[in-house]
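Here the structure comes first, spelled out in structure tokens, and everything after it is commentary.
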Amino acid sequence: MATAVEEWVEEQARVAQPARIHWCDGTEGEALRLLEIGQNEERLNGPVFIELNQKKWPKAFLHRSHPTDVARTEHLTYVCHPSREMSGPNNNWMEPGEAKRLLTRLSTGCMKGRTMYVLPYMMGHPDSPYAKACIQITDSSYVAVSMRIMTRLGKQALEKLKNRNDFVRGFHSIGDLSPRRRFIMHFPDDNLVWSIGSGYGGNALLGKKCFSLRIASWLGYRQGWLAEHMVIMGIEDPQGEITYICGAFPSACGKTNLAMMESALGGYRVWTLGDDIAWLNIGPDGRLWAINPETGYFGVAPGTSMVSNPNMMRTLRRGLFTPTLFTNVALNPETNEPWWEGLDGPVPEKLLDWQGRPWKPGSKEKAAHPNSRFTVSIYNTPTLSPEFDNPRGVPISAIIFGGRRGHLIPLVVESFDWTHGVFLGARMGSETTAAAAGEVGIVRRDPMAMLPFCGYNLGVYFRHWLNMGQRLSRPPKIFSVNWFRVDEDGRFIWPGFGHNMRVLKWIIDRVKGRVPARETPVGLIPYLEDLVVDDLNLPREKLAKLFEIKMSEWKKEVEEIRQFFKQYGQHMPRELLDHLEAMERAVRI
Ligand code: OXD
Ligand code: MN
């Protein structure tokens, strides 16, 4: 008798009509075969995979996507709850029946002549009580190889499922890649993601943003946990004690750099657990426990170097576990090495740009696409935490909310309590980057860095955060951070990168009750003497500038936050509005 999984796959095959169906076993041999086949398969701008210089970049391959398919397309991403209200103003919505009819029409025959890959995978360690078993089908070998890097792909997921019917379903086809026939749709009540017309990671690796954030946030709401857009890291202090923290930052704010930071502060080191997604559950001890459901990084290449992220450079060149993919970076045709803006060393004289066209230094366009990416196994990380595969996860002592703000937001602020911490997260804003299609450089409100990823009404989500706090007997402390404040000349004041450990040290000192803090209208900030910065060339006035609270700027901020909160109407928790009002009164003086 066919299992529930087999039945579902057969049903999808009847719609998509592939030439053949391949059930992936998740072995390295299988990935290598797919890479081999892809090297001989020509597309618009070359083969699906190009083998890179294996001496310098072991197991690395280049993939060029369709030029119109290079980022998440939020305007084509829908969350289809039965009621528009539950999807909230933060999501595009379509009535689920209508959405399914549209997708069925677009998907009928979409895999004709192609192979349908069936990917059974786990998000989370198979032995974890928090892990979920999932099935994705796809007609892209690039997606199949990427999913093997990003998830625990293979038979163990099928074994977990046996004949259960509650698995997370993902239907993916690149379709005809036309942006006019591209949709990424979520059906939270069916545990279903249906994505057609895009091969881009965030749109196509359905275990990532689609399941582990949008669908999982809804599961978390109903089951009493949180799915968050967060790094997870352990920080070891000079006494050898490790404190685990999580941090939410909008796309391309240096989250990956933070997760594997090389500390510029002696005696401290980072243990990496994850750079993008955290599932947070309340453990039997009443603490918050985090797991990273993924097993890889899908990181932004430009700007990654031995200066900004030496551990990522080591990870990318390690080649121990699974092949590594580069997407839409430039290629040095002489050395057959990948290249991107910001990489160490001189700019090569000749390159092929991300579309495979000849490129020379001084060209107007970038050689690598600004959102070019690497997909690499987390097991290659030299700083990987020994706790990474611990099925129960790690206990979290602090949560940080960060954003890219040139002005206003202090380097670090501690919340007065959990509710105020939720307010700090809810009012987050950040200057936009290239990770999502759209305008770059404007401030957009991005609560908990979840605006594009929360699978239900954000107002209801804030209430869920408040409720979680009530259920925790030892809630983590909550902080906001901003590494990006600039001076009058537009230069960053804070050195950032490994120096961010100086801020993390203060956070840990606060968690351990080792230092006092100064109360301001926007939260608790450090006494400057408690920040270890004496070996930095940072005059005290500059340091003070990082904490300057300009009332006139805050008034504008309060107004913007109010406008943002207003959209959530009756769902907006009273407690958060009270904090906004208290802040308004304070900055009016
Ligand atoms: C990502 C994103 O790709 O947040 O991680 O956009
Ligand atoms: Mn992300």
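Remember, it's 1-based here, ligands and their atoms both numbered in the order they're listed. Just so it is clear, the values below take in all heavy atoms, side chains as well, and ignore hydrogens, waters and symmetry mates.
Distances below 4.0 Å separate heavy atoms of His229 from the following atoms of ligand 1: 4 (O). The contact set between ligand 1 and Ser251, taken as ligand atoms under 4.0 Å from a residue heavy atom, comprises 2 (C), 4 (O), 6 (O). Using a 4.0 Å cut-off to heavy atoms of Asp276, the atoms of ligand 1 that qualify are 5 (O).
For Trp289 and Tyr130, the ring centers are positioned 6.0 Å apart or more. Ring pair Trp218/His81: centre-to-centre distance below 6.0 Å.
Under 3.5 Å, the side chains of Trp354 and Glu365 contain no donor-acceptor pair of N or O atoms.
No side-chain heavy atom of Met260 sits less than 4.5 Å from a side-chain heavy atom of Arg314. Residues Pro476 and Trp418 are in side-chain contact: their nearest non-hydrogen atoms beyond the backbone lie under 4.5 Å apart.
Geometrically, ligand 1 and Lys208 share no nitrogen or oxygen pair separated by less than 3.5 Å. For Lys209, a nitrogen or oxygen atom sits less than 3.5 Å from a nitrogen or oxygen atom of ligand 1, counting backbone and side chain alike. For ligand 1, the polar-atom distance check finds no N/O of Lys255 at less than 3.5 Å from any of the ligand's N/O atoms.
Across Leu62, Leu52, Thr375, a single residue satisfies side-chain contact (heavy atoms from CB on, under 4.5 Å) together with Leu325, and that is Thr375. Just one of Asn203, Leu206, Leu205 meets the side-chain contact (heavy atoms from CB on, under 4.5 Å) condition when paired with His172; it is Leu206.
Residue side and main chain included, Lys209 places an N/O/S atom under 2.8 Å of the Mn ion (ligand 2).
Here the N, O or S atom of Asp276 that is nearest to the Mn ion (ligand 2) is OD1.
Of the heavy atoms in Arg373, only side-chain atoms (C-beta onward) come closer than 4.0 Å to ligand 1.
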